[in-house]
Amino acid sequence: MRWWKAFLVSVLCVLLVGGSVSAVAQGVSMSTRVVAGRTYLAVRAESAHSGLPLLVVLHGRGMDVRNMATRTGFLRFAENGLADVVYPAGIGQSWNAGSGCCGLAARRHVDDTAFVQAVVADATRAFGTDPRRTYLVGYSNGGRLAFHLACVSPATFAAFATYGAAPPTTCANRAAAGLSALVAAGTADRILQHGAQVVRQATTTWRALNSCPAHSSTRRTGPAVVTTWRGCHGGAAVQSIVFPGLTHAWPSSVAGLMWNFLSRQVGRGTGVSAVSAR
């Protein structure tokens with residue numbers, strides 16, 4: 001993955017000055033696209049066909065798209081032709097997730113909800129992605145925005161996943177029923193604090209919205225404790241992932257766990273029901 005880091009540095013330099021770039025490296029096409037006066041980084045396999053899932057990845061506060069792309073491990077899904085991956089760029093390396101959070105974006109009252117929706121619409125048109133399989137991932141501040149988007153714009157996505165983030169508010173939008181959710185955190189996260197409790201509270205909210213049964217299945221996958229509720233409203237699923245002893249730093253294994261969950265969900269964009277997670 002070392003070549004990715006060098007290549008992304010050059011792409012980011014163009015992005016930061018508001019320009020546009022398109023390049024191909026190791027069979028992957030990367031472009032900086034402009035929508036609604038802002039930019040996002042798009043990554044897809046050079047030989048990719050239309051109809052792939054769209055994976056939207058929101059960086060944490062104080063991060064840029066290069067940091068998010070190189071640290072999180074989602075690039076390989078574009079490289080392997082499994083998905084088109086986009087990394088929107090927040091204002092001042094932050095997102096306005098509501099409730100005063102966070103940073104410059106919140107102080108300026110930036111409409112990041114509209115921006116992410118514009119990114120999804122632009123990428124779907126440009127790459128011919130499957131609107132039934134649009135997935136949202138958020139880390140830290142980006143995770144808070146992901147929670148917000150899932151609540152106020154649930155029909156845009158088939159499923160969402162967060163790491164190291166708490167919901168800015170408790171979602172009570174019944175229209176969100178049927179949207180699959182994955183919430184993950186480390187128990188030693190000093191920024192989030194009480195990571196296991198945050199995961200439990202957030203999954204309780206989404207289990208209630210999705211009318212999930214009480215029964216769940218739990219397994220250990222490496223350092224992660226993964227609990228899944230299946231058979232929820234419309235075939236949706238809810239999953240919690242707790243990393244005992246891990247901090248706010250992005251775990252190396254969480255991208256794969258998230259993709260395994262997200263990629264099995266289909267449908268909010270056209271009303272097709274989600275399929276259950278394994």
Side-chain angles (χ1 to χ4, degrees), residues 1-26 28-44 54-79 83-97 101-120 122-123 126 135-149 160-165 189 191-192 247-252 254-255 258:
M1 293 296 288
R2 191 173 298 173
W3 68 271
W4 276 112
K5 296 182 179 181
F7 186 73
L8 280 168
V9 168
S10 64
V11 171
L12 181 66
C13 289
V14 179
L15 183 151
L16 290 175
V17 297
S20 179
V21 63
S22 180
V24 176
Q26 302 259 334
V28 177
S29 173
M30 310 181 79
S31 62
T32 301
R33 297 182 61 84
V34 180
V35 63
R38 294 171 61 180
T39 56
Y40 70 94
L41 176 65
V43 185
R44 65 195 313 252
L54 177 65
L55 180 61
V56 183
V57 184
L58 304 178
H59 60 73
R61 184 178 176 184
M63 299 178 68
D64 53 42
V65 295
R66 177 179 63 87
N67 297 144
M68 196 64 183
T70 56
R71 292 182 185 181
T72 53
F74 292 110
L75 288 172
R76 69 181 183 269
F77 302 117
E79 185 177 12
D84 294 324
V85 187
V86 295
Y87 300 86
I91 297 295
Q93 299 183 350
S94 63
W95 300 105
N96 180 14
C101 173
C102 294
L104 182 63
R107 292 194 298 272
R108 291 185 177 179
H109 305 287
V110 175
D111 191 348
D112 280 322
T113 298
F115 171 55
V116 174
Q117 289 172 330
V119 168
V120 170
D122 183 71
Y135 307 124
L136 179 65
V137 170
Y139 171 42
S140 192
N141 180 196
R144 287 176 70 88
L145 179 58
F147 275 120
H148 176 72
L149 283 161
F160 76 99
T162 68
Y163 182 80
D189 189 332
I191 295 177
L192 179 63
T247 65
H248 196 66
W250 183 271
S252 59
V254 76
M258 285 180 171

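Remember, it's a predicted structure, so these values are computed and weren't measured experimentally. Just so you know, these numbers use all the heavy atoms, side chains as well, and skip hydrogens, waters and symmetry mates.
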Exercise. How many angstroms lie between atom OH of Y139 and atom OG1 of T72, to the nearest 0.5 angstrom?
Worked result: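 Taking OH in Y139 and OG1 in T72, the distance rounds to 10.0 Å.
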Closest non-hydrogen atom pair, [X] against [Y]:
{"X": "V65", "Y": "P88", "answer": "CG1-O, 3.6 Å"}
{"X": "A118", "Y": "A36", "answer": "CB-CB, 4.4 Å"}
{"X": "G60", "Y": "M68", "answer": "N-SD, 4.3 Å"}
{"X": "A146", "Y": "T162", "answer": "CB-CG2, 4.0 Å"}
{"X": "S94", "Y": "G103", "answer": "OG-C, 4.0 Å"}
{"X": "R71", "Y": "W250", "answer": "O-CD1, 3.6 Å"}

[X] vs [Y] side-chain heavy atoms within contact, under 4.5 Å:
{"X": "V43", "Y": "Y87", "result": "yes"}
{"X": "I91", "Y": "R38", "result": "yes"}
{"X": "W95", "Y": "L58", "result": "yes"}
{"X": "V35", "Y": "F115", "result": "yes"}
{"X": "N96", "Y": "D111", "result": "no"}
{"X": "N67", "Y": "H59", "result": "no"}

Exercise. With the threshold set at 4.0 Å, does a side-chain nitrogen-carboxylate oxygen contact exist between R144 and D112?
Worked result: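 Here R144 does not pair with D112 in a salt bridge, since their nearest N and O are not under 4.0 Å apart.
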For this session: Identify the residue among Y135, F160, Y163 that makes a side chain to side chain contact (heavy atoms under 4.5 Å, CB included) with M258.
Result: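 Only one of Y135, F160, Y163 forms a side chain to side chain contact (heavy atoms under 4.5 Å, CB included) with M258, namely Y163.
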For this session: Determine the sole option in L54, D122, L41 for which the side chain to side chain contact (heavy atoms under 4.5 Å, CB included) test with V86 is passed.
Result: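 Only one option passes, and that is L54.
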Exercise. Would V34 and T39 count as a side chain to side chain contact (heavy atoms under 4.5 Å, CB included) if you check the C-alpha gap in whole Å, the side-chain angles of each, and the deciding distance to 0.1 Å?
Worked result: CA-CA 4 Å; V34 180; T39 56; 3.9 Å; yes
